Amino acid sequence: MKIYIDGKYFGKDEAKISVFDHGYLYGDGVFEGIRAYSGKIFKLNEHITRLYKSAKAILLDLKMSPQDMEKAVYDTFRENKRDDAYIRLVVSRGSGDLGVNPANCKVPSVVIIVGEVNVYPKEFYDNGITAMTSSVRRVAPDTFDVRIKSMNYLNNSLAKIEAINAGCMEAIILNHNGFVSECTGENIFIFSDGVLKTPGATDSALEGITRNFVLELARAGGMKAMETHLTQYDLYTSDECFLTGTGAELMPVTMIDGREIGDGKPGKNTKALIELFHKEIRKI
Ligand code: PMP
């Protein structure tokens, strides 16, 4: 494994970041999780755009052009000689002192890791997963806008721990207004009376790249799709539910808070979208 750190490659055991990096001390930084299929990187441009938006929102000057960042990701991917991969691109505030003031961090650290894809077991996709509403709320946008894909995932980790402890695979997180936002590492969709619905980004959901692609695919395939507020009631009474993310791709959800979704099996529209998704990624 060759790990890129600030323009140089290191082996797994040698790849190290300073303990004075504010990414480590304060979770101060941004990241992307990217996927490569059959030797090609999926939606890299969209990931780089989101990374630069996240960095701009936290006043993090990447000191590198988006084109150079894209090249660094491609070069590291090629160095690692994998066809299918999960790529983690992390930009942290850089090394400073122990105080919280990021002005003392002069140069951000750029890390690119090309790892294997940890696919969920096939039965999850075949049967769907169980989810629960978390007691952990999303932070409000006037505290921290979760459209910033930051290194601060404690909110998500706590919700995930709660779900796993309760015997569920995933947690559904409500926002400060009580509307559904998303899950711990995936966006959420439902089909209700034939219409595909997902919360808008201003309901405290990450603007997922898979989410946007699924909305595009659905509309191109003639489905009616919309971004709208959703409550727990909408989820419980939906005909189908699924999650989207770079790692999980499209994952059916068949039980939420003890309520069976539809007939308790992955729905036909969900299956059609999964098929469409796999057909499209083969074309990239
Ligand atoms: N929401 C959260 C909180 C995430 O971390 C992610 C990425 N794992 C997603 C949604 C899905 O986004 P994407 O489709 O861009 O991977």
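Atoms within each ligand, like the ligands themselves, are counted from 1 in listed order. Heads up: numbering here begins at 1 and tracks the sequence. Note that this is a predicted model, so its numbers are computed, not measured.
- A side chain to side chain contact (heavy atoms under 4.5 Å, CB included) with Glu32 is found for one member of Ile48, Ile87, Ile209, Val90 and no other, namely Ile209.
- The closest approach between any non-hydrogen atom of Phe213 and ligand 1 is not below 4.0 Å.
- Within the structure, ligand 1 has Thr184 among the residues with a heavy atom less than 4.0 angstrom away.
- Residue-ligand proximity: Glu32 is placed with every non-hydrogen atom at 4.0 Å or more from ligand 1.
- Between Gly245 and ligand 1, a contact under 3.5 Å exists for no N or O pair.
- Side-chain contact check for Asn118 and Tyr86: no donor-acceptor pair (N or O, by modelled atom type) lies under 3.5 Å.
- Put simply, part of Arg50 is less than 4.0 Å from ligand 1, judged by heavy atoms.
- The protein non-hydrogen atom at the shortest distance from atom 16 (O) of ligand 1 is Thr246 OG1, 2.5 Å.
- Formation of a donor-acceptor pair under 3.5 Å by the Asn175 side chain with backbone atoms of Asp203 is found in this model.
- Remark: ligand 1 atoms within the under-4.0 Å shell around heavy atoms of Asn156 are 3 (C).
- Only the side chain of Lys149 comes within 4.0 Å of ligand 1, judged by heavy-atom distances.
- Nearest to atom 6 (C) of ligand 1 by heavy atom, out of Gly185, Gly247, Gly208, Ser181, is Gly185.
- For atom 14 (O) of ligand 1, the closest heavy atom belonging to the protein is Thr210 OG1, 2.6 Å.
- Between the side chains of Glu162 and Ser134, at least one donor N or O lies within less than 3.5 Å of an accepting N or O.
- Considering backbone and side-chain atoms together, Thr244 places no N or O closer than 3.5 Å to any N or O of ligand 1.
- In terms of protein heavy-atom proximity, atom 11 (C) of ligand 1 is nearest to Asn187 OD1, 3.7 Å.
- The two residues Tyr74 and Leu44 come nearest to each other via the heavy atoms CD1-CD2, 3.6 Å.
- Side-chain polar atoms of Thr133 and Gln232 form a donor-acceptor pair below 3.5 angstrom.
- The protein heavy-atom contact nearest to atom 5 (O) of ligand 1 is Tyr153 OH, 2.4 Å.
- Nearest protein heavy-atom neighbour of atom 2 (C) of ligand 1: Glu182 OE1, 3.5 Å.
- Using modelled atom types and a 3.5 Å distance limit, the side chains of Ser18 and Asp21 yield no donor-acceptor pair.
- With hydrogens and angles left out, the side-chain atoms of Glu249 and Thr210 include no donor and acceptor closer than 3.5 Å.
- The aromatic rings of Tyr37 and Phe42 stand perpendicular to each other, their planes meeting at an angle above 60°, with 30° marking the opposite boundary.
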